[in-house]
Amino acid sequence: MKKIEAIIRTTKFEAVRDALARIGVNFFSLKDVKGYGLQKGEVHTYRGADLGADYIPRLQMDIVTSDEKVEEIMTTIEQAGRTGNVGDGKIFVYDIERVVRIRTGERDKDAV
Amino acid sequence: MKKIEAIIRTTKFEAVRDALARIGVNFFSLKDVKGYGLQKGEVHTYRGADLGADYIPRLQMDIVTSDEKVEEIMTTIEQAGRTGNVGDGKIFVYDIERVVRIRTGERDKDAV
Amino acid sequence: MKKIEAIIRTTKFEAVRDALARIGVNFFSLKDVKGYGLQKGEVHTYRGADLGADYIPRLQMDIVTSDEKVEEIMTTIEQAGRTGNVGDGKIFVYDIERVVRIRTGERDKDAV
Amino acid sequence: MNEALFTANNLWILVATILVFIMHLGFASLESGFVRRKNTVNILFKNSMIIAIGLLTYFICGFNLMYPGETATGFFGFAGFGLSLPDGDAGGIAYADGAYAYYTDFIFQAMFAATGATIVSGAVAERIKLNSFLVFTIIFVALIYPIAGMWKWGGGWLDARGFYDFAGSTLVHSVGGWGALACIMVLGPRKGKYTSKGIQAIPGHSMPLATLGVFLLWFGWFGFNGGSVLSADPMGVSLVFVTTSLAAAGGAVGAFFTSYAMFKSHDLSMVLNGILGGLVGITAGADLMSPMASIIIGLIAGIIIPLSVVFFDRTLKLDDPVGATSVHLVCGIWGTLAVGIFGSMAGGGQFITQLIGVLAYGVFTFVLSYLLITVIKAAMGVRVTEEEEIKGLDLAEHDMEAYTM
Amino acid sequence: MNEALFTANNLWILVATILVFIMHLGFASLESGFVRRKNTVNILFKNSMIIAIGLLTYFICGFNLMYPGETATGFFGFAGFGLSLPDGDAGGIAYADGAYAYYTDFIFQAMFAATGATIVSGAVAERIKLNSFLVFTIIFVALIYPIAGMWKWGGGWLDARGFYDFAGSTLVHSVGGWGALACIMVLGPRKGKYTSKGIQAIPGHSMPLATLGVFLLWFGWFGFNGGSVLSADPMGVSLVFVTTSLAAAGGAVGAFFTSYAMFKSHDLSMVLNGILGGLVGITAGADLMSPMASIIIGLIAGIIIPLSVVFFDRTLKLDDPVGATSVHLVCGIWGTLAVGIFGSMAGGGQFITQLIGVLAYGVFTFVLSYLLITVIKAAMGVRVTEEEEIKGLDLAEHDMEAYTM
Amino acid sequence: MNEALFTANNLWILVATILVFIMHLGFASLESGFVRRKNTVNILFKNSMIIAIGLLTYFICGFNLMYPGETATGFFGFAGFGLSLPDGDAGGIAYADGAYAYYTDFIFQAMFAATGATIVSGAVAERIKLNSFLVFTIIFVALIYPIAGMWKWGGGWLDARGFYDFAGSTLVHSVGGWGALACIMVLGPRKGKYTSKGIQAIPGHSMPLATLGVFLLWFGWFGFNGGSVLSADPMGVSLVFVTTSLAAAGGAVGAFFTSYAMFKSHDLSMVLNGILGGLVGITAGADLMSPMASIIIGLIAGIIIPLSVVFFDRTLKLDDPVGATSVHLVCGIWGTLAVGIFGSMAGGGQFITQLIGVLAYGVFTFVLSYLLITVIKAAMGVRVTEEEEIKGLDLAEHDMEAYTM
Ligand SMILES: Nc1ncnc2c1ncn2[C@@H]1O[C@H](COP(=O)(O)OP(=O)(O)O)[C@@H](O)[C@H]1O
Ligand SMILES: Nc1ncnc2c1ncn2[C@@H]1O[C@H](COP(=O)(O)OP(=O)(O)O)[C@@H](O)[C@H]1O
Ligand SMILES: Nc1ncnc2c1ncn2[C@@H]1O[C@H](COP(=O)(O)OP(=O)(O)O)[C@@H](O)[C@H]1O
């Protein structure tokens with residue numbers, strides 16, 4: 001089993017969620033993250049002085065899936081989440097050793 | 001060493017925390033996550049219209065531990081976190097390669 | 001490729017960020033976490049009763065990097081993030097199997 | 001008429017002016033509580049400008065359009081730009097038979113004027129372009145409101161016909177409500193309100209702000225209705241205080257039961273709207289009603305509120321984030337008609353006259369507002385872009401956020 | 001008595017009415033600031049209903065129970081349901097010797113009435129069932145408050161005995177405080193307050209709201225005390241303004257030093273409670289005190305506050321989220337007794353009389369409130385379920401949240 | 001002078017007192033909205049203490065320093081500690097020729113006094129030590145403000161010279177502004193404001209609070225300016241209401257256009273400051289101006305605001321989180337000079353006199369405040385530690401947070 005961690009634009013969340021649903025991926029966890037990188041956040045003006053964030057607010061989706069689905073999910077997120085501008089984010093894949101579904105106690109493959 | 005990532009119900013947090021303390025697990029990190037899955041969030045009514053969240057607020061506990069303790073921790077979380085209803089959450093286990101305790105610089109096993 | 005997960009003090013964030021920038025690490029994701037451990041949060045008094053948090057607010061930095069940079073990054077965080085008092089936090093290192101840059105579709109090494 | 005009585009009378013109208021002024025804070029709070037966090041600065045900004053625009057346009061032309069004095073015909077009159085204080089006692093004790101001075105009259109009426117535009121502000125929230133809204137407001141308070149108001153309060157044709165509207169159920173609230181209705185028809189609903197998945201609730205971001213707003217509006221209403229006695233006459237003002245308060249209480253109770261019956265929960269926003277509905281409802285006849293009649297009028301207004309909100313939302317699919325159409329338009333009509341049903345003027349003939357007034361104001365205000373907002377749409381657009389709407393008007397129009405950490 | 005003086009007098013009582021009205025917003029803000037975020041809508045909802053219930057029940061029977069006129073005996077009287085405006089001047093200039101009109105009297109007293117129940121509302125916050133609270137409120141303001149009030153203000157036995165309570169340290173504040181005490185004894189503490197790990201603080205969710213509430217209460221107190229002069233008499237009202245303000249200032253300073261000495265930090269909530277304690281303390285004798293005496297009364301009230309809060313919390317283990325028992329009950333008793341110690345009525349005999357009054361009100365109100373809430377508990381329950389308490393009353397009772405993102 | 005007129009006149013000054021009181025809530029809200037979340041409790045705490053300190057010190061010595069009566073020389077006088085009510089009618093109808101009673105005079109002036117210190121409070125926010133600030137406040141309101149005030153309102157040398165300041169553009173606002181300027185010069189900017197990366201904006205944490213504050217200030221200003229007529233004279237008070245309102249409206253419009261031209265966005269905080277600037281600007285001559293002149297004075301004040309804010313921030317590098325120096329000092333000077341340019345006293349000679357007054361108050365207040373804060377700095381420190389500043393004053397000084405979840 002693998003865990004896919006995708007850091008995406010907040011504005012692309014709905015597109016990615018819907019694209020994943022179309023390929024049957026309905027389970028994931030979502031977190032707010034602050035993305036630091038070369039691209040800075042927007043600069044605002046308040047009372048004549050500049051106010052810049054050095055990060056961009058982003059969303060991290062965690063999706064645990066069986067090995068065979070990884071490629072499809074990655075491609076789906078890539079396509080749905082892309083704008084082509086700096087700041088589109090990244091996808092990371094990890095190996096997962098074990099999974100448990102708390103409700104039933106099912107383990108590993110059955111639990112995904 | 002392993003990292004255990006448990007997605008649990010917010011209402012079960014205290015039970016799980018106390019159960020872990022009883023088996024000597026006192027260190028973990030806690031994050032707020034939004035759980036997307038087949039079970040939707042509660043539907044509320046506001047001014048006569050429906051207001052449904054498509055996610056459930058959940059907590060993610062990250063516990064890094066030595067290989068031998070993994071099974072015990074998993075069972076503990078499972079038991080303390082179970083309600084038997086859809087939405088109880090999941091536990092994932094990862095391999096961790098290295099650990100450092102920042103305060104002392106201790107590494108790996110000593111640092112857990 | 002590796003993922004470095006560092007749990008640090010909120011007050012040390014700027015020091016760590018700047019130290020990382022000096023060794024050329026500018027990309028990371030930041031999350032708020034609640035750190036549970038033996039060290040409790042500060043105790044406050046409100047209307048004559050005690051108010052203690054059983055956690056400490058902390059920051060988690062996620063840095064994905066190539067294998068060779070891991071050691072340097074770890075040492076940098078360790079040095080910049082250390083106060084020597086209980087509660088300095090920890091660094092964990094995971095293996096990452098795959099990486100994608102959403103914007104370009106570049107994969108793995110090219111995408112880090 | 002002695003000087004002391006003149007001083008006491010005039011003092012009351014000045015105090016009432018202050019109370020009506022603070023209704024603008026009430027509107028600002030209520031409306032910002034009922035919108036999303038990302039559009040809060042925008043609402044606050046609009047309400048800060050509305051009161052400024054209202055006062056200035058009323059100074060420039062509004063006052064003399066609404067009270068044209070000898071230049072009045074049945075439908076229109078204009079006594080000239082700016083103010084002109086009558087000399088000596090004619091601007092003081094003799095101006096209104098010892099009830100108030102000339103400048104008191106102006107400032108009290110000016111505070112009223114801006115409330116009409118504020119009503120519109122809530123209904124169009126979260127999607128209208130700031131500049132387009134401001135242009136609408138200027139014309140609405142400078143021209144539409146005072147010209148319409150003149151028909152009754154300025155001694156025009158409806159006054160001659162016996163139409164009665166004590167403090168403005170129709171002249172202020174319905175007029176504002178018709179303007180709001182025209183605008184939301186042209187604007188369309190907020191993105192995400194009517195979707196393929198059904199009608200979505202978009203909850204307001206702060207119930208404390210909304211509650212603060214309603215209490216401040218009630219507070220101000222003592223001046224709105226009480227000041228409309230146009231003197232400090234103890235019998236008159238004390239009766240108006242009683243009827244106004246009891247109607248508000250009745251509105252709360254009516255909305256409490258009706259909304260619970262409809263939604264099986266105690267929706268605070270409905271009780272708040274119910275209080276306002278009761279207040280709007282009593283406004284046309286606050287000086288004519290017995291305490292018991294005022295409770296009934298308020299109760300019915302309170303019952304109307306949830307029904308009307310759902311009707312606009314589900315049946316008409318008109319998106320009104322704060323319920324301005326239900327509170328001000330529907331309860332304003334109800335209150336105006338209630339003058340023909342309850343109280344010392346009740347009677348079939350009066351009811352017909354009230355109905356004529358309601359219709360006349362409805363047609364005039366709605367048509368002109370609809371034209372105005374349509375012209376503005378063509379000339380400069382009325383809606384922010386979809387992207388701006390998602391981002392929120394605070395960042396899009398004001399480059400700032402209402403709250404920071 | 002001339003018409004102008006009547007008009008000025010009556011105008012002041014009407015303005016005071018508006019000021020007492022806004023105290024309800026003060027209570028709503030203060031209480032919601034002092035509870036957790038998840039119970040905010042509930043507090044706002046309760047306070048919106050209390051004012052409505054207070055006005056309506058006072059109209060139905062409260063006014064005529066409290067001021068039964070000729071039907072009064074020492075302990076009870078009832079002049080009939082509803083209001084009956086005396087004919088002609090008897091309801092106007094002749095009603096109170098030119099001080100205020102009949103309807104003015106009613107509406108001013110009605111605004112007072114609802115404050116008693118509001119005091120209870122804060123103490124029982126975060127755990128009481130909404131409907132049970134509303135039933136308690138109805139009976140409390142419709143019956144307990146006016147019957148008790150009649151003993152003094154309605155010309156009953158305590159009035160005859162020389163008991164003095166100018167504006168209600170006892171009749172309003174202690175009465176509300178006794179009701180609160182009875183309720184929190186029956187209700188029990190909030191879950192998580194007294195745990196095996198010790199006494200836990202449960203901090204309020206918004207200090208700006210709490211501060212807003214206290215300033216609004218002080219603002220309203222100018223009407224509460226100033227209006228209780230029952231005319232616009234310049235000497236009387238101006239003295240009351242001075243004593244009221246200085247006592248509030250004294251309360252702030254007393255609480256500032258005492259709470260710092262006790263807790264080694266500047267707890268804003270204590271200074272806010274201290275201001276209120278000073279206001280409650282001066283209320284019984286606001287017309288009797290010199291400026292200096294009023295500062296001392298306020299200072300002592302301010303010193304009492306942190307001591308009393310800690311006493312209720314730690315010693316009695318009675319959980320009162322907003323400190324209503326300390327502010328209204330304890331400082332209400334203090335203020336009533338202070339009439340026997342300071343000011344123009346001070347003296348041993350008066351002190352005894354004041355004590356008798358304090359005890360009489362204590363026994364009557366506490367026993368009846370205790371019975372009432374116990375009966376309600378048996379009949380319909382008083383506490384939400386543990387699950388609802390954890391979830392918060394906003395979602396449990398109102399299906400909504402106070403704030404959204 | 002008859003009793004009824006005395007009662008009406010006195011009533012107005014009492015109502016104005018209440019209105020000036022609520023300005024303290026206005027300041028508390030405005031300032032807390034303009035600071036960061038972590039310093040909110042601190043601002044609320046300071047404002048709660050300022051009003052208490054202001055009232056008490058004005059009772060102890062302020063009133064008799066500012067209005068020393070027969071003991072006055074041109075620059076200083078003192079009629080003794082505490083208050084001494086003149087006997088009989090001399091403290092009542094005869095005290096001010098039937099305009100107000102002795103205690104009314106005191107309490108109205110006492111409410112004014114505390115506003116000066118409140119102005120300072122906002123400018124020094126987010127970094128000053130609580131106790132140091134309180135010591136500054138005590139001396140500022142007990143001595144500096146009343147001694148300076150005496151020069152004009154107490155019949156001192158500037159009054160004799162024909163200087164005019166109707167309600168305090170200089171005596172209250174500039175005096176407070178000079179104190180603020182001295183303090184921020186000694187204190188230095190907030191950490192993170194002027195960095196190697198340039199001048200950083202530090203946005204306020206709550207625009208709803210800030211807006212609430214400005215509306216409450218405007219509300220209170222009806223009492224501040226209107227009460228300064230020092231009777232309920234219908235012509236006088238109604239004119240002041242008109243000029244005050246129109247100047248505020250002008251300020252909003254002036255700031256709207258200027259800030260948009262400068263920043264290309266609609267900065268709400270600038271419009272809010274613009275309204276206040278207009279109000280401060282009209283205060284010196286609110287009884288002298290025509291409606292049109294008051295609009296112009298307000299407009300210019302509104303234009304000044306963004307220019308001045310940027311000037312202090314960028315050019316002088318003086319860090320003032322709420323814009324107190326621009327609003328109170330700069331617009332206070334503008335309003336004082338405007339008396340020589342517009343209205344019934346305009347003229348070259350008057351302009352010079354106004355300038356002399358502005359300079360005299362500037363030198364006196366600035367120098368004394370600078371000395372005072374410097375002495376406090378040496379004696380007890382003025383700034384919290386860097387660590388406390390980062391953590392926030394709420395946790396550092398009050399061990400509590402303004403908001404919890
Ligand atoms: N090496 C990394 N480690 C952790 N997070 C990263 C890394 N690189 C990028 N990210 C995350 O992804 C976000 C988007 O990356 P960015 O480089 O700005 O986009 P792009 O790939 O389009 O240039 C960053 O803000 C950060 O949150
Ligand atoms: N494959 C997955 N990947 C990531 N997170 C998951 C996955 N499956 C479940 N989760 C997380 O666990 C939560 C609970 O899962 P759910 O399926 O609702 O419970 P149950 O297992 O009782 O049916 C989800 O809301 C989501 O946050
Ligand atoms: N085994 C662990 N698993 C997960 N998180 C941990 C673990 N140990 C420590 N942490 C995180 O690191 C934080 C700091 O650890 P702590 O033990 O308090 O510091 P120190 O290592 O200096 O004693 C904890 O609050 C927790 O968030």
Side-chain angles (χ1 to χ4, degrees), chain E residues 2-9 11-12 15 19 36-38 202-208 210-212 214-216 218-219 222-223 226 231-235 237-243 245-246 248-253 256 263-269 271-272 274-275 278 290-292 295, chain F residues 2-11 13-15 17-18 21-22 24-25 28-29 32-33 40-42 44-45 47-49 51-56 59 82-83 85 91-93 100-108 110-111 130 134 206 209 212 394 397-405:
Chain E
N2 69 53
E3 196 193 339
L5 188 52
F6 173 43
T7 303
N9 279 333
L11 176 55
W12 170 233
V15 170
L19 293 170
R36 281 165 293 177
R37 185 172 281 254
K38 65 182 175 181
I202 303 179
H205 87 285
S206 172
M207 290 304 121
T211 308
L212 172 71
V214 168
F215 273 87
L216 287 176
W218 185 342
F219 178 72
F222 287 110
S231 83
D233 171 43
M235 305 298 276
V237 182
S238 63
L239 173 62
V240 167
F241 269 47
V242 172
T243 55
S245 299
L246 290 178
V253 171
F256 175 87
F263 315 132
K264 301 285 164 278
S265 75
H266 296 294
D267 188 330
L268 174 62
S269 78
V271 168
L272 295 177
I275 290 172
S290 69
M292 186 53 97
I295 293 175
Chain F
N2 69 55
E3 197 194 337
L5 187 53
F6 173 42
T7 303
N9 279 333
N10 185 74
L11 176 56
I13 309 303
L14 288 175
V15 170
T17 300
I18 308 175
F21 166 77
I22 208 66
H24 289 276
L25 175 58
S29 300
S32 59
T40 304
V41 168
N42 187 252
L44 298 170
F45 194 93
N47 278 281
S48 302
M49 290 310 299
I51 172 78
I53 291 171
L55 290 170
L56 293 174
F59 165 75
L83 298 182
L85 175 69
I93 195 163
Y100 44 86
Y102 175 77
Y103 278 138
T104 303
D105 191 19
F106 164 71
I107 195 72
F108 180 63
M111 289 297 170
L130 180 64
L134 294 180
S206 173
L209 267 180
L212 173 70
D394 292 2
E397 300 258 28
H398 306 277
D399 197 28
M400 64 197 297
E401 290 179 289
Y403 305 91
T404 64
M405 275 304 127

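Every chain is numbered from 1, with letters handed out A, B, ... down the list of sequences. For clarity, every value in this text was computed on a predicted model and none was experimentally measured.
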Among F/Ile51, F/Asp105, F/Thr17, single out the residue with the greatest number of heavy-atom pairs under 4.5 Å to chain E.
F/Ile51
For a quick check under 3.5 Å, do E/Asp267 and E/Ser265 share a side-chain donor-acceptor pair by atom type?
no
Proximity breakdown for E/Ala248 and chain F, heavy-atom pairs closer than 4.5 Å:
neither
Given E/Val15, E/Leu11, E/Leu212, E/Ile275, the one with more heavy-atom pairs under 4.5 angstrom with chain F than any other is E/Leu212
Structural part of E/Leu272 lying under 4.5 Å from a heavy atom of chain F
side chain
Greatest number of heavy atom pairs closer than 4.5 Å to chain F - which of E/Ala252, E/Ala4, E/Pro291
E/Pro291
Select, from F/His24, F/Met49, F/Glu397, the one with the greatest count of heavy-atom pairs under 4.5 Å involving chain E.
F/Met49
Quick one: which of F/Asn10, F/Asp394, F/Leu14 has the most heavy-atom pairs under 4.5 Å with chain E, could you say?
F/Leu14
Turns out that what part of F/Ile18 lies under 4.5 Å from chain E's heavy atoms comes down to both
Portion of F/Leu55 that has a non-hydrogen atom of chain E nearer than 4.5 angstrom:
both
Contacting region of F/Tyr403 [heavy-atom separation from chain E under 4.5 Å]
both
Any heavy-atom pair between the side chains of F/Leu130 and F/His398 that's under 4.5 Å?
yes
Hey, could you give me the CG/OH distance between F/Asn9 and F/Tyr100, rounded to the nearest 0.5 Å?
10.5 Å
For F/Thr104, which atoms come within 4.5 Å of any heavy atom of chain E: side chain, backbone, both, or neither?
both
Check for me whether the distance between the ring centres of E/Phe222 and F/Phe21 falls short of 6.0 Å.
yes
Determine the minimum heavy-atom distance between F/Ser48 and E/Thr211, stating which atoms define it.
OG-CG2, 4.1 Å
Of the listed E/Gly204, E/Pro234, E/Gly278, E/Ala249, the one with the largest count of heavy-atom pairs under 4.5 Å with chain F is E/Pro234
Is there a side chain to side chain contact (heavy atoms under 4.5 Å, CB included) between F/Leu83 and F/Tyr102 once you walk through the steps?
CA-CA 9 Å; F/Leu83 298 182; F/Tyr102 175 77; 3.6 Å; yes
Does any backbone or side-chain atom of E/Val271 lie under 4.5 Å from a heavy atom of chain F? Answer side chain, backbone, both or neither.
side chain
Tell me every residue that passes ring pair (Phe, Tyr, Trp, His ring centres under 6.0 Å) with E/His266, counting only those two or more places apart in sequence or in another chain.
E/Phe256, E/Tyr260, F/Phe45
Between atom CD1 of F/Ile93 and atom CG of F/Asn2, what is the distance when rounded to the nearest 0.5 Å?
7.0 Å
Residue, of E/Ser238, E/Ser269, E/Ser290, that accumulates the most heavy atom pairs under 4.5 Å with chain F
E/Ser238
Is it the side chain or the backbone of F/Ala101 that comes within 4.5 Å of chain E heavy atoms, both, or neither?
side chain
Under 4.5 Å heavy-atom distance to chain F, tell me which part of E/Ile295 shows up: side chain, backbone, both or neither.
side chain
Short question: side chain of E/Trp12, backbone of F/Thr7 - any donor-acceptor pair under 3.5 Å?
no
Partners meeting salt bridge (charged side-chain N to carboxylate O under 4.0 Å, His left out) with E/Arg37 (sequence neighbours left out)
none
